[in-house]
Amino acid sequence: MEDKRLKIGLEYFQKKGWTPFPFQIQAWQDFLDGKSGLLNAPTGSGKTFALWFPALLEYIENHPDTWQKPQNNGIQLIWVTPLRALAQDLQKAMQEVCEVIGLPWQVAVRNGDTDPKTRSAMKRRPPECLITTPETLHILISQKDHKELFQSLSAVVVDEWHELVGNKRGVQVQLALEYMQSINPNRFKRWAVSATIGNLSQAAQTLLGSNLPVHIVKAKVEKEIIIHSVFPEEIEKYPWSGHLGIKLMDQVIEIIEGGRSVLLFTNTRSQTEIWYQKILEARPDWAGWIAMHHGSLDTSVRSWVENALHEGILKLVVCTSSLDLGVDFRPVDRVIQVGSPKGVSRFVQRAGRAGHQPGLPSEIYFVPTNSLELIEVAALRSAIEQEEMESQFTPELPYDVLIQFLVTLAVGDGFDPKVIFPIVKKTSSFTKLSDQEIQWVMDFITKGGASLGSYEDFLKVVEDEDGKYRVKNKKIAMKHRLSMGTIVSDVALKVKFKNGTYLGTVEEYFISKLKTGDRFFFAGRNLELLQVKGLDVFVKVTEKKNSNVVSWMGARMSLSSMLSHKIREIFREYNQGIIRSEEVRKVLPILDLQSKLSIVPDENTFLIESLQSRDGYHLFFYPFEGRMMHELMSALIAYRISQSFPVSLNMAMNDYGFEILSDVPISAEEILEEDIFSLKNIEDDILHCVNESEMSRRKFREIASIAGLVFQGYPGKPTSFKHIQANSSLLFQVFEQYDPDNLLLKQAREEALNQQMEQEMFIQAMKKLNRLEIVVKHPTQFTPFSFPIMVDRLSRTNISSESVEDKVAKILAQMEMD
DNA sequence: GACCTGCTGCGGGATG
């Protein structure tokens with residue numbers, strides 16, 4: 001590249017007193033050469049400069065005589081961020097750069113928060129740089145005159161690609177990119193910025209589609225991560241099971257005292273609530289200095305907390321992953337993680353939230369909530385040292401997203417199938433789309449498919465005189481625009497005081513379990529339920545103590561397979577007498593007990609424990625594949641057992657293994673002879689289990705929403721959860737009966753099976769189990785491995801009126817007898 | 001003697 005083209009950029013850095021990193025220069029050069037690619041760089045490394053600058057420089061090069069004069073040449077650059085909260089900071093930074101180099105660009109933010117006036121002003125005079133979200137990008141595509149808007153575009157940059165690549169929002173980005181490229185094939189470049197993930201080049205391929213070569217620019221900004229484990233004083237007395245970790249409160253208080261500004265991450269919103277309250281009880285003098293942050297708190301509260309953190313006013317914020325991403329909090333100097341982070345990437349992400357000076361390591365304090373979690377830290381450390389991160393796979397053939405996209409085009413300018421499907425097939429997610437599937441999708445949006453033909457609402461798209469497919473019905477068009485996007489959430493009720501003070505939201509599901517007068521803990525207060533009126537829940541503060549903490553219906557986090565494998569490695573080393581870390585040394589008494597009562601399985605052993613208690617006959621299996629995998633595995637095994645032995649079975653699971661409980665004896669040796677782990681008929685058997693389970697219905701509800709079959713309601717007036725559930729289960733039944741080949745049904749089954757388990761992982765895992773040496777043990781009491789699984793079942797089955805404490809007490813009494 | 005889990009993200013526009 002000629003020095004001339006770099007000069008302006010370098011001058012800017014000089015003015016700032018910075019030296020550009022090599023990766024920044026490389027990205028500039030690649031961009032100006034017309035390449036597309038993926039930039040692998042951590043937050044705070046100057047990644048944004050790497051891709052802003054070349055866009056500016058290119059513009060200057062193309063407008064040599066007029067670049068310093070205000071003009072209206074249309075949008076040059078679109079910057080996509082998955083998080084609205086990042087937009088303002090980006091805008092400010094970019095505008096500042098333009099000022100310094102004397103380029104009169106307009107930089108504007110366009111997303112759901114943008115007010116109508118600004119929106120229409122933007123239409124009259126498009127900004128040169130547009131900062132937006134994946135969803136708004138599709139909103140723009142749904143507008144009639146969008147082609148002009150994208151005509152002048154020279155590049156799209158997708159920020160935080162690692163957050164998008166593995167989900168349907170990422171599929172939307174792929175479709176939008178490929179579509180925009182088709183409008184403007186010559187100049188268009190696409191770039192993304194991503195943190196490190198396991199399959200970086202695959203992520204790049206997903207971004208670039210099938211006809212661009214994979215190209216990755218790596219920022220060699222290495223950051224050391226130091227993990228401090230918080231050890232219980234006596235591991236023998238620390239719980240084998242549990243998830244709260246509150247027993248380590250005194251040590252946590254010390255850590256907070258030692259920092260200036262601290263983030264404490266928990267895994268759940270209720271954990272956040274509890275820790276916040278307990279810390280305040282322990283240190284009432286910190287009132288006003290500590291705050292809480294999670295997804296169910298009001299946005300105004302959340303942004304107040306974010307600002308206060310940014311300005312360094314707060315001592316401590318207790319939070320969930322709602323603070324994983326977002327604005328930089330430079331004043332934060334300590335990060336605490338309570339409980340297993342479940343994955344390497346998440347842990348690294350959180351450690352990095354401590355804004356140190358460049359070059360200094362990130363430090364994170366880990367607070368185990370049960371003894372075995374200390375082993376997970378050892379596993380995390382080893383994964384980080386070896387730079388092994390989880391992989392992200394883009395969904396394959398998500399028909400719901402395709403249907404939504406086609407209707408979006410039909411709402412806008414209309415589309416020609418002969419033109420649009422070749423474009424769709426260039427995306428990684430739809431490369432394998434067949435002609436039959438295309439025909440099915442077209443039938444579905446025009447004729448309602450095989451079963452919905454007599455309902456107007458499902459005949460969305462019609463062929464126009466010019467051969468283009470359009471949405472003619474204005475109401476359908478409006479409803480479609482209202483429900484774009486791939487995030488499906490449950491209906492949230494607003495929690496308020498009588499005087500109208502708004503506290504936050506809870507899910508309909510939770511409130512439906514409560515009656516008037518019931519108490520629960522929420523937003524840091526003890527509350528009593530007064531009345532539910534429409535979408536409002538009225539409450540008052542109560543003095544009476546209570547233990548009912550609001551629980552939200554959330555996805556169940558599962559240990560990543562990366563971590564599970566690391567844990568097995570550590571067990572093998574234990575069996576060989578190798579102890580590499582302080583954490584494992586600490587847990588030795590428990591591992592020793594496990595080996596005494598049973599064994600500690602390594603990578604070559606598949607342990608099954610069989611024992612009897614008052615509850616019945618227990619079989620514990622330990623595949624170490626994470627909760628998600630065990631959920632399906634236990635269903636499969638139970639199904640196969642029930643084929644040969646007509647018994648009623650109960651299942652429970654955690655990240656390490658699963659339990660099958662029966663009230664009549666089942667011999668492990670006997671069922672093993674029945675080949676319960678065999679790969680024969682496995683696909684049919686899995687299908688049977690998935691169909692029987694709630695899993696595919698749950699998935700179908702989401703799919704039906706994304707495909708636009710179930711209307712979520714108008715803004716501020718959502719349809720109730722029950723209603724949506726009723727509608728989608730009706731559709732589910734209709735399709736099952738009259739349209740069994742419906743691709744959305746097929747998708748629901750496949751998603752239930754695959755999405756959360758990483759592709760084909762399940763069959764892989766079953767294959768692996770078949771290679772292992774099965775060891776059946778008959779311990780005389782619950783082992784350190786089986787106890788937590790048993791407790792998990794107790795807290796889940798509410799059939800008995802006995803409290804969990806009573807049950808555990810009984811079990812303990814029995815154990816003493818034995 | 002051991003215990004009560006379950007995240008995050010987004011979102012109308014044509015017409016008077």
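By convention in this document, chain letters (A, B, ...) are assigned in the order of the sequence lines, proteins followed by strands, and residues within each chain are numbered from 1.
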Closest of B:dT8, B:dT5, B:dG11 to the A:Gln271 side chain is B:dT5

Please determine, for the side chain of A:Arg84, which listed nucleotide (B:dC10, B:dA2, B:dG12) has the closest atom?
B:dC10

Of the nucleotides B:dG11, B:dT8, B:dG13, which one has an atom closest to the side chain of A:His294?
B:dT8

Candidates B:dG11, B:dG13, B:dA2 - which lies nearest the side chain of A:Glu135
B:dG11

Step by step, would you call A:Glu702 with A:Lys168 a salt bridge (charged side-chain N to carboxylate O under 4.0 Å, His left out)?
CA-CA 11 Å; A:Glu702 279 178 33; A:Lys168 292 182 184 174; 5.1 Å; no

Sugar-phosphate only, base, or nothing, as touched by A:Lys475 at under 4.0 Å among non-hydrogen atoms
nothing

Report the nucleotide, chosen from B:dC7, B:dC10, B:dG13, that has the shortest atom-to-atom distance to any side-chain atom of A:Arg110.
B:dG13

A:Arg627 side-chain proximity, nearest of B:dG6, B:dG9, B:dC7:
B:dG6

5′-ward residue of the pair A:Leu244/A:Met478 relative to DNA chain B
A:Leu244

Is there a donor on the side chain of A:Ser321 or the base of B:dC7 sitting less than 3.5 Å from an acceptor on the other?
yes

Are A:His294 and A:Tyr276 an aromatic pair by the rule of ring centers under 6.0 Å?
no

With the side chain of A:Asn267 defined as its heavy atoms from C-beta on, choose the nearest nucleotide among B:dG12, B:dA2, B:dT5.
B:dT5

Taking the side chain of A:Thr268 as heavy atoms from C-beta outward, which of B:dG9, B:dG11, B:dG6 is closest to it?
B:dG6

Check A:Glu376 with A:Lys342, please: is the shortest side-chain N to carboxylate O separation under 4.0 Å?
no

Whole-Å distance between B:dC10 P and A:Leu86 CG?
9 Å

Could you check whether the side chain of A:Arg119 and the base of B:dG12 have a donor-acceptor pair of N or O atoms closer than 3.5 Å, going by distance alone?
no

So what does A:Leu325 hit on the nucleic acid, given a heavy-atom distance under 4.0 Å: a base, only sugar-phosphate, or nothing?
nothing

B:dG12 glycosidic torsion: syn (within 90° of 0) vs anti
syn

Students often get this wrong, so: under 4.0 angstrom with heavy atoms, is A:Ile487 touching a base, only sugar-phosphate, or nothing?
base

With sugar-phosphate meaning primed atoms plus P, OP1 and OP2, does A:Thr136 contact a base, only sugar-phosphate, or nothing at under 4.0 Å between heavy atoms?
sugar-phosphate

At under 4.0 Å between heavy atoms, what does A:Asn370 touch on the DNA or RNA strands: base, sugar-phosphate, or nothing?
nothing

Mind checking A:Gln143 for me? I need base, sugar-phosphate or nothing, with any heavy atom below 4.0 Å counting as a touch.
sugar-phosphate

Considering every strand and a 4.0 Å limit on heavy-atom distances, what is the contact class for A:Leu164: base, sugar-phosphate, or nothing?
nothing

A:Leu482 has its side chain closest, among B:dT5, B:dG12, B:dG11, to B:dG12

